Amino acid sequence: GDEYISDRSKITYSLYFMSFMHISYALLFMFCESAFLALYNLLAFLIVQILIRVAANKHLFTAATLSAVEILAFSVVSTLALGNSMNFNLFCFSIIPMVFYVSSTIKDFKKHSYFSLLFSLLSLATYAATIVIRTKNAPITNFPYDNILLISIIEIANSIIIVGMITIFL
């Protein structure tokens, strides 16, 4: 038979995954001696921990919306810091199916009918901004760009995460 997953659980599981990813990125960037991105990801981890508490208090619209905004911020910060390497700006697209899924299945979103469309447009605008950022600015952080294997691993991992996020919410 069908299993029921509560609205709060859907949001909370997504937030736990985000927490895991930010800790993983923080450790990766510490290893690569990129203090700025390591600290950013630790801060993002703390923000997601707060969002888990917000979701636990049944403020699901707030928790889901702010988590999506955090993913957009992560895309911009990572692209600003690293330039056009490693596909971080593609996270802008990964959240579009999530937003449509959440807005069509979670009761708190039913009264916000234009949210999915507006957030998709915001995601597209953010992606366009990352293109401008990476063509106009040099990376602002220390990173071992000469380590092609490391960059390839990060690009592949990001691609798997992005496709996984898209696939889960289709």
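None of the values given here were measured: they were computed from a predicted structure.
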I want to check something: taking the side chain as every heavy atom from C-beta on, are [X] and [Y] in contact at a cut-off of under 4.5 Å?
X: Leu72; Y: Ile95; value: yes
X: Phe100; Y: Phe119; value: no
X: Leu43; Y: Ile47; value: yes
X: Thr141; Y: Tyr40; value: no
X: Val48; Y: Tyr16; value: no

Restricting to non-hydrogen atoms, name the atom on [X] and the atom on [Y] that form the minimum distance, rounded to 0.1 Å.
X: Pro144; Y: Ile151; answer: O-CD1, 4.3 Å
X: Ala56; Y: Arg8; answer: O-NH1, 2.9 Å
X: Thr130; Y: Thr79; answer: O-CG2, 3.6 Å
X: Ser75; Y: Cys92; answer: OG-N, 3.6 Å
X: Asn158; Y: Met86; answer: ND2-O, 2.8 Å
X: Val99; Y: Ala68; answer: CG2-CB, 4.4 Å

Taking [Y] as the starting point, is it possible to reach [X] by hopping between hydrophobic residues whose side chains are less than 4.5 Å apart?
X: Leu27; Y: Met21; value: no
X: Met30; Y: Phe88; value: no
X: Tyr101; Y: Phe93; value: yes
X: Leu124; Y: Ile131; value: yes
X: Tyr145; Y: Ile153; value: no

task: Give the C-alpha distance, both sets of side-chain angles, the deciding distance and a yes or no for side-chain contact (heavy atoms from CB on, under 4.5 Å) between Met165 and Ile71.
output: CA-CA 12 Å; Met165 289 173 64; Ile71 292 171; 4.1 Å; yes
message: Tell me whether the rings of Phe74 and Phe91 are parallel (<30°), tilted (30 to 60°) or perpendicular (>60°).
response: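 Ring orientation, 0 to 90° scale: perpendicular.
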- prompt: Which of parallel (below 30°), tilted (30 to 60°) and perpendicular (above 60°) describes Phe17 and Phe20?
  reply: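 Rings of Phe17 and Phe20: tilted, 30 to 60°.
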Give, for atom [atom1] of [X] and atom [atom2] of [Y], the distance between the pair rounded to the nearest 0.5 Å.
X: Asn87; Y: Ser78; atom1: CG; atom2: OG; result: 11.5 Å
X: Arg53; Y: His59; atom1: CZ; atom2: NE2; result: 11.0 Å
X: Ser19; Y: Leu51; atom1: OG; atom2: CG; result: 8.5 Å
X: Ile96; Y: Leu117; atom1: CD1; atom2: CG; result: 10.0 Å
X: Asn41; Y: Phe36; atom1: CG; atom2: CZ; result: 9.5 Å
X: Leu80; Y: Asn89; atom1: CG; atom2: CG; result: 12.0 Å

task: Without swapping roles, check the side chain of Thr135 against the backbone of Val132 for a donor-acceptor pair under 3.5 Å.
output: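 Answer holds: yes.
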message: Run Leu60 and Val54 through side-chain contact (heavy atoms from CB on, under 4.5 Å) and show every step you take.
response: CA-CA 7 Å; Leu60 302 181; Val54 169; over 6 Å; no
Pair Phe61-Phe115, ring-ring contact (aromatic ring centres under 6.0 Å, His included): steps then yes or no: CA-CA 10 Å; Phe61 181 80; Phe115 178 81; 5.4 Å; yes
field: Criterion side-chain contact (heavy atoms from CB on, under 4.5 Å) on Leu37 and Leu82, from CA distance to verdict
entry: CA-CA 9 Å; Leu37 284 173; Leu82 296 170; 3.6 Å; yes
